[in-house]
Amino acid sequence: MTETEIIEVVKSNMGAKRFSHTEGCVKMAEKLAVRWGADVALARRAAWLHDITKEMPYEHQLQLVDRHGIILSRTQKSEKIIHAFSGAAMAQHQLGEGEEVCGAIRWHTTARCGMTLLEKIIWLADLTEEGRTFDGVEKIRALASESLSDALICGFDMTLSVLINRGSEIDANMIEARNFELALRR
Ligand SMILES: [Fe+2]
Ligand SMILES: [Fe+2]
């Protein structure tokens with residue numbers, strides 16, 4: 001698919017607010033890809049598609065992952081996380097995207113231990129695109145142009161404290177992603 005065709009699919013699958021978040025994410029993903037030497041075209045495709053199923057009814061998302069034999073943990077099946085997996089399944093099986101783009105979609109919410117460069121870029125682009133205004137976002141944005149690893153750790157720390165303060169469950173992949181980045185510093 002061309003990028004123009006992808007944008008049409010994205011537009012038809014979400015409302016204006018999420019489309020605008022997606023556009024911000026594409027801009028930030030491109031910026032980070034240029035800064036860190038990742039493939040800009042793949043970064044843009046992954047960013048366009050990262051929330052492609054977020055507005056799909058939950059039951060449909062479950063059917064989509066089931067149909068492709070994807071086994072999810074209980075936390076991965078949660079309302080906030082499942083769209084990463086259903087989105088990767090749609091990108092792979094319905095839109096014909098390759099594994100690099102699909103991996104970046106799959107791990108854009110929880111992250112995981114040993115992320116690829118593209119996966120890191122999409123995780124950070126989603127968190128720090130220009131529409132994000134939470135306390136501390138400027139700090140992560142600044143770190144992202146200095147050190148991807150520092151930006152990720154800071155992003156994990158902020159995300160985890162929000163989840164803890166809300167009393168929410170935490171997917172183990174994010175803990176493992178943080179441990180992995182911390183270990184690289186030693
Ligand atoms: Fe998302
Ligand atoms: Fe997003």
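When a residue number appears, it is its place in the shown sequence, counting from 1. As the structure lists them, so they are numbered: ligands from 1, and atoms in each ligand from 1.
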TODO: Assess H50: does it contribute an N, O or S atom lying under 2.8 Å from the Fe ion (ligand 2)?
DONE: yes
Open item on the list: Any N/O/S atom from C25 (main chain or side chain) under 2.8 Å of the Fe ion (ligand 2)?
Closed with: no
TODO: Considering only NZ, NE, NH1 and NH2 on the basic side and carboxylate oxygens on the acidic side, decide whether E130 and R141 come within less than 4.0 Å.
DONE: no
- [ ] May I ask you to decide whether E3 forms a salt bridge with R44, counting only side-chain N to carboxylate O separations under 4.0 Å?
- [x] yes
Open item on the list: If we ignore hydrogens and angles and just use 3.5 Å, is the side chain of D126 paired with the main-chain N or O of I122 as donor and acceptor?
Closed with: no
TODO: Return yes if some donor-acceptor pair links the side-chain N/O of T53 with the main-chain N/O of M56 below 3.5 Å, else return no.
DONE: no
Open item on the list: If you apply the rule side-chain hydrogen bond (donor to acceptor under 3.5 Å, both in side chains), what do you find for S149 with E181, and how did you get there?
Closed with: CA-CA 6 Å; S149 181; E181 291 303 322; 3.0 Å; yes
TODO: Name whichever N, O or S atom of H83 ends up nearest to the Fe ion (ligand 1).
DONE: NE2
Task: Of the N, O or S atoms in D51, the one nearest the Fe ion (ligand 1) - done: OD1
- [ ] Check D126 and report its N/O/S atom nearest to the Fe ion (ligand 2), by atom name.
- [x] OD1
